[in-house]
Amino acid sequence: MTNKRTKLIALAVTAFILIVGGLIFWIVGEKKQLEADKLNFAKLEKEAMQEELDRLNEEYGMQYQKLTQGTTPGELKMHFANDSIAAQLISERAKVSKLLEELNSVKANNAKRIGELKNEVKTLRTILRSYVVQIDSLNVANERLRNENATVKENLERVSSEAGQLQADKKKLTEQVNLAAKLNATNIGIRLIDRRGRKAKSLTRAESIEITFTVSKNITAEPGEKTFYARILNPNGEALIQNASDMMTFEGAKVPFSCRKVVEYGGDEMIITLYWNINQALLEGQYMIYLIADGNLIGQKSFTL
């Protein structure tokens, strides 16, 4: 009986030891599995954060490009505001790069530090959202301002074009008025006069050259005192003059004149006579007479001596 009892006790103890051993083995296995799961989870979190940081790095770069590219004078992307936000973006992007470096170096079983880094990544994501809102607002305002600038530019070009057209029309009208106001000499007559004021019978008896012409009626011309000039050129193209100081302005230059006469012109037709006193031997050949008033050539005629 005693032996049987002893065997039962031994059997119970053995069973207990086996159960306890099995339980311990199971607990140890579960603990190892838990540690492995925790390590795998930490690795997955680390990889996820690395991907998140890569995305953040790329997005910070994209926002920086959106802020700085395509800036033109006059846009709302004001220099000081842009520079400030751009500097902050660079700073935050540097933090992303620093976190990436640290995340690559931290061990996967350092759950505490990985958790801290995870919170820092969330903070960077939140900060990025605020920059996205600011930059998008600036871009919307800039687009509106670009449209307004385009409208202003278009209006300015139209006004400039209209002003240019008005200027051209004004110039054309001025030219037409000046052309209409230009005097015209007709019926130009030239003859040699002797000392008695009669037509000279020969060149040797001539004392002066008489030039007679009719100024046509012109009510557009400004009335008042006007000077009529005659410029006589000999066959060699040299001007016949009385004095070296007899000069007038014609076609933007100072040129010598032969004779002149000041008359009161009121717009009606009138006959004018000019005289050039012969003070030198005259060449035989063809001469040219140019009549000038108000700086304009009003008539011309050739004659032969």
Side-chain angles (χ1 to χ4, degrees), residues 160-200 203 206-280 282-283 285-305:
S160 298
S161 177
E162 291 174 354
Q165 186 60 48
L166 287 174
Q167 189 68 24
D169 291 344
K170 181 181 177 182
K171 182 180 179 182
K172 185 177 180 180
L173 181 60
T174 301
E175 291 173 351
Q176 290 174 345
V177 170
N178 291 337
L179 184 61
K182 181 182 175 182
L183 299 177
N184 185 41
T186 62
N187 302 322
I188 302 172
I190 298 110
R191 64 175 186 166
L192 299 177
I193 303 297
D194 62 19
R195 66 178 61 187
R196 296 181 180 180
R198 295 179 299 185
K199 181 179 179 180
L203 181 59
E207 292 287 329
S208 62
I209 298 176
E210 179 188 77
I211 308 162
T212 304
F213 58 93
T214 301
V215 178
S216 303
K217 182 178 181 178
N218 191 328
I219 59 174
T220 307
E222 184 178 354
E225 192 176 81
K226 293 186 181 295
T227 303
F228 292 86
Y229 296 90
R231 177 171 157 83
I232 308 171
L233 301 184
N234 67 14
N236 293 333
E238 300 168 337
L240 303 182
I241 59 174
Q242 297 289 342
N243 301 294
S245 60
D246 290 343
M247 305 290 286
M248 66 174 178
T249 301
F250 179 60
E251 295 183 344
K254 290 287 186 180
V255 297
F257 65 86
S258 303
C259 53
R260 66 182 174 183
K261 187 174 185 179
V262 179
V263 300
E264 191 70 26
Y265 180 72
D268 294 325
E269 181 179 282
M270 65 184 306
I271 297 174
I272 297 176
T273 302
L274 300 178
Y275 295 94
W276 181 74
N277 295 323
I278 299 173
N279 58 7
Q280 58 185 275
L282 297 179
L283 301 174
Q286 188 178 61
Y287 287 72
M288 282 295 301
I289 289 184
Y290 298 94
L291 300 175
I292 300 163
D294 296 330
N296 299 313
L297 179 66
I298 63 173
Q300 65 184 50
K301 187 172 184 178
S302 64
F303 65 99
T304 304
L305 295 180

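Atom set for the values below is all heavy atoms of this structure, side chains included, hydrogens, waters and symmetry mates excluded. Everything numeric in this text was worked out from a predicted model, so none of it was measured.
Considering only heavy atoms from C-beta on, I289 stays 4.5 Å or farther from Q300 through its side chain. Residues N184 and N218 fail the side-chain proximity criterion, which asks for heavy atoms closer than 4.5 Å. Here the side chains of N277 and S208 are in contact, with some heavy-atom distance below 4.5 Å. I190 has its side chain out of reach of Y287: every pair of non-hydrogen atoms, C-beta onward, lies at least 4.5 Å apart. Contact of the I209 side chain with the L192 side chain is registered, since non-hydrogen atoms from C-beta on lie closer than 4.5 Å. Contact of the F250 side chain with the Y290 side chain is not registered, since no non-hydrogen atoms from C-beta on lie closer than 4.5 Å. Using a 4.5 Å heavy-atom cutoff, the side chains of Q286 and P235 are not in contact. For the pair N187/I271, no side-chain contact is recorded, criterion being any heavy-atom separation below 4.5 Å from C-beta on.
Within the model, atoms NZ of K199 and CD1 of I193 stand 9.0 Å from one another, a figure rounded to the nearest 0.5 Å. Note that CD1 of I188 is 11.5 Å distant from CZ of F303, once rounded to the nearest 0.5 Å. Expressed to the nearest 0.5 Å, how far CG of L274 lies from CD of E210 amounts to 9.5 Å. Atoms CD1 and CD1, from I298 and I272 in turn, are 7.0 Å apart once rounded to the nearest 0.5 Å.
Taking both residues in full, the closest heavy atoms of M288 and S302 are given as SD-CB, 3.2 Å, listed atom of the first, atom of the second, then distance. Between I241 and Q280 the shortest heavy-atom distance is O-NE2, 4.3 Å. The nearest pair of heavy atoms linking A239 to R231 is CB-NH1, 3.9 Å. Annotation for R195 and E207: closest pair N-CG, 3.3 Å, computed over non-hydrogen atoms.
Between the side chain of S258 and the backbone N or O of L240, at least one donor-acceptor pair lies under 3.5 Å.
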Exercise for review: Go through the steps to decide whether D294 and K226 satisfy the test salt bridge (charged side-chain N to carboxylate O under 4.0 Å, His left out), and finish with yes or no.
Suggested key: CA-CA 7 Å; D294 296 330; K226 293 186 181 295; 3.1 Å; yes
Point to revise | side chain to side chain contact (heavy atoms under 4.5 Å, CB included) between T249 and K254, worked out | key: CA-CA 5 Å; T249 301; K254 290 287 186 180; 3.2 Å; yes
Exercise for review: Check the pair L291 / I211 against side chain to side chain contact (heavy atoms under 4.5 Å, CB included), numbers first and verdict last.
Suggested key: CA-CA 10 Å; L291 300 175; I211 308 162; 4.1 Å; yes
Check your understanding: Is there a side chain to side chain contact (heavy atoms under 4.5 Å, CB included) between R260 and M248 once you walk through the steps?
Key -> CA-CA 10 Å; R260 66 182 174 183; M248 66 174 178; over 6 Å; no
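Applying the ring-ring contact (aromatic ring centres under 6.0 Å, His included) test to residues at least two apart or on different chains, the pairs with a partner in residues 251-279 are Y229-F257.
Remark: E238 engages N234 in a side-chain hydrogen bond (donor to acceptor under 3.5 Å, both in side chains) (not counting sequence neighbours).
K261 and T227 form no side-chain donor-acceptor contact under 3.5 Å, judged by distance and modelled atom types alone.
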